[in-house]
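What follows is one structure encoded as structure tokens, with my remarks underneath.
Remember, it's 1-based here, ligands and their atoms both numbered in the order they're listed. No hydrogens, no waters, no symmetry mates; every other heavy atom, side chains included, goes into these values. These numbers come from a predicted model, not from an experiment.
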Amino acid sequence: MDIFRIQGGRPISGTVRVSGAKNAALPLMSATLLTEQPIRFVGAPTRLVDVQTMGRLLVSLGTEFTERRGGELVLTTPNVEETTAAYDLVRTMRASVLVLGPLLARCGQARVSMPGGCAIGSRPVDLHLKAMEALGARIDVEAGYVVARTPPGGLVGGRVVFEKITVGGTENALTAAALAKGETVIENAAREPEIVALAQLLRTMGVEIEGEGTHRILVQGQDRLEGCRFEVPPDRIEAGTLMCAGAIGRGSLTLTNCPVAHLEALVEKLREADCRVHTGSLSSEGIGELTIEAPFRPRAVDVMTGEYPGFPTDMQAQLMAVMSVAQGRSMMTERIFENRYLHASELIRMGADIHLEGRTATVRGVERLSGAPVTASDLRASASLVLAGLVAQGETVVRRIYHLDRGYENLEIKLTKLGAMVSRESE
Ligand code: EPZ
């Protein structure tokens, strides 16, 4: 297993390009099951472990998965040869559940292993299953697998009402509705940019959709869908993580290909923490250059995570690393997942002053963290520990870096380019 060895205390400055979004790429890839035509993605984060895992899962179902240099993927599924998403793949990546909607829509049946929990929470899929039932599917759970079947005529458009906002649930509802007969209304839909990207792909494939990005989405199902070319949007969470490196690293950091329009909640918090953030001209999709400067210690700010456009739960661990060395006290409340503070105990080992009470963490900033051997527990916790290592006095060794590789492409190379001393070694 790989480790990161980090020598802390070097200023973080320079320019780096944001990669394609993991949490957009995964649902986009699952949607290719809806057509027998080829779909060509450009700007995909092809090196991410989760993208490779999704590729393996789709190949096990019958997809031809071709990877080309420069972030290009071509996925073609002439026939779905298998409708079971096996446990050994699903247990390594819960986003595997995103093949449920497309399999039901295209084949009328699906057998998907229950994903099980993960480090940050139980993460049930009950809302996904209710959405499939609202479109006519019959759902059974047998031996740890969801077994779903449609009536002989296939899925029928209906009204999906999510009692709780769910990103993955909304994505499965969209892909199922794409081939359902008639109109589907999705109420209390998630509004994340990744939902908008998926809707844009489905529209390009021929689905009539309106309302994506709002809590109410209308979908007119089609009989068959076309292939197309599609650009994967840049990763707002990778961008936010690098911005936190700039905030903690006392330098001046510029991001290119940055989804500025999707980072407003984080930009507001970092400006409140006395960081200077300015952006260049943006494309129609709100993409452009962003520069963050933080030549001195950031100021402590309070934050509550929430569904988009609120402060992203996927940025909570990274901001906690920044708050660990901020001036003052920060109250952080995690409202999306029930157990997303595993990074706190490791930050405490580096000298952070953090007190956990239920879903709230009280972080009293310290002058300096001390380098230490620490262990990553999940994707964003590992990013938090790397950020802390950038400013800690001395050497930090972050173990179980495989968590990081699920969601960040060559992070050590990007950070080294920005002046950090980070090396990847095998343990
Ligand atoms: C997506 O997970 C992201 N993953 C997560 O990013 C992100 O943290 C999360 O959305 C919230 O923004 C991908 O896009 C691949 P949810 P998802 O369904 O879809 C509960 C990362 O670090 N819930 O919106 O699984 C659930 O337990 C990852 O990149 C149910 O109760 O999240 C959670 O408390 C981590 N029943 C809340 O809803 C359900 O059927 C939000 O979950 C579904 C969800």
Between the candidates Leu98, Asp314, Asp126, which shows the shortest non-hydrogen contact distance to atom 28 (C) of ligand 1? Asp314
State the atoms of ligand 1, each with its element, that fall below the 4.0 Å cut-off from a heavy-atom position in Val125. 39 (C), 40 (O)
Residue among Leu73, Val42, Leu28 satisfying side-chain contact (heavy atoms from CB on, under 4.5 Å) with Phe230: Leu28
Donor-acceptor under 3.5 Å (Glu192 side chain, Tyr308 main chain): yes
Between Lys22 and ligand 1, is there a nitrogen or oxygen pair with a distance under 3.5 Å? yes
Taking 4.0 Å as the limit for heavy-atom contacts, which would you say applies to Arg94 with ligand 1: side chain only, backbone only, both, or neither? side chain
Side chain, backbone, both or neither: which applies to Asp50 and ligand 1 if a contact is any heavy-atom pair less than 4.0 Å apart? neither
Considering distance alone, does some N or O of Phe337 sit under 3.5 Å from an N or O of ligand 1? no
In a check of side-chain contact (heavy atoms from CB on, under 4.5 Å) between Phe4 and each of Ile401, Thr396, Leu415, which one passes? Ile401
Which bit of Arg335 gets closer than 4.0 Å to ligand 1, counting heavy atoms only: side chain, backbone, both or neither? neither
Is Ala95 in polar range of ligand 1, meaning some N or O pair under 3.5 Å apart? no
Pairs of nitrogen or oxygen atoms closer than 3.5 Å, one from Thr166 and one from ligand 1: do any exist? yes
Can you confirm whether Leu347 sits close enough to Leu385 that some side-chain heavy atom of one is under 4.5 Å from a side-chain heavy atom of the other? yes
Nearest-contact summary for atom 17 (P) of ligand 1 - protein heavy atom, Å: Arg123 NH2, 3.8 Å
Are Asp405 and Arg400 within salt-bridge range, i.e. N to O under 4.0 Å? no
Closest protein heavy atom to atom 40 (O) of ligand 1, given as residue, atom name and distance to 0.1 Å: Leu127 N, 2.7 Å
For ligand 1, the portion of Val167 having any non-hydrogen atom under 4.0 Å away: both
Report yes if Leu379 has an N/O atom closer than 3.5 Å to an N/O atom of ligand 1; otherwise report no. no
Determine whether a donor-acceptor pair (N or O, by modelled atom type, separation under 3.5 Å) exists between the side chain of Ser19 and the backbone of Glu409. no
Which residue from Lys130, Gln316, Arg340 reaches closest to atom 35 (C) of ligand 1 through any of its heavy atoms? Arg340
Examine the proximity of ligand 1 to Glu171 and report which part, side chain or backbone, both or neither, has a heavy atom under 4.0 Å away. neither
Decide if atom CD of Glu338 counts as having more than 12 heavy atoms of other residues, nucleotides or ligands within a radius under 6.0 Å. yes
Arg380 N/O to ligand 1 N/O under 3.5 Å: yes
Backbone or side chain, does any N or O of Thr313 fall under 3.5 Å from an N or O of ligand 1? no
Run the salt-bridge test on Arg203 and Glu208 with the 4.0 Å N-O cut-off and return the result as yes or no. no
Within-4.5 Å side-chain heavy-atom neighbours: Arg159 and Glu187: yes
protein heavy-atom neighbour closest to atom 34 (O) of ligand 1 works out as Ile336 O, 2.7 Å
closest protein heavy atom to atom 15 (C) of ligand 1 is Asn23 OD1, 3.3 Å
Give me the residue, atom name and distance of the protein heavy atom closest to atom 38 (O) of ligand 1. Lys164 CE, 3.0 Å
When rounded to the nearest 0.5 angstrom, what is the spacing between OG1 in Thr150 and CD in Gln109? 8.5 Å
Identify, by atom number and element, the atoms of ligand 1 in contact range of Gly168, meaning under 4.0 Å from any of its heavy atoms. 18 (O), 19 (O)
Arg111 charged N/C atom sitting above Tyr145 aromatic ring, 6.0 Å / 45°: yes
What residues form a salt bridge (Lys or Arg N to Asp or Glu O under 4.0 Å) with Arg406, not counting sequence neighbours? Asp50
Assess the residue pair Ser423 and Glu425 against the criterion (side-chain hydrogen bond (donor to acceptor under 3.5 Å, both in side chains)); give the C-alpha distance rounded to whole Å, side-chain angles, the decisive distance to 0.1 Å, and a yes or no. CA-CA 6 Å; Ser423 62; Glu425 299 168 17; 3.2 Å; yes
Which residue and heavy atom of the protein sit nearest atom 31 (O) of ligand 1, plus the separation: Pro124 CG, 3.4 Å
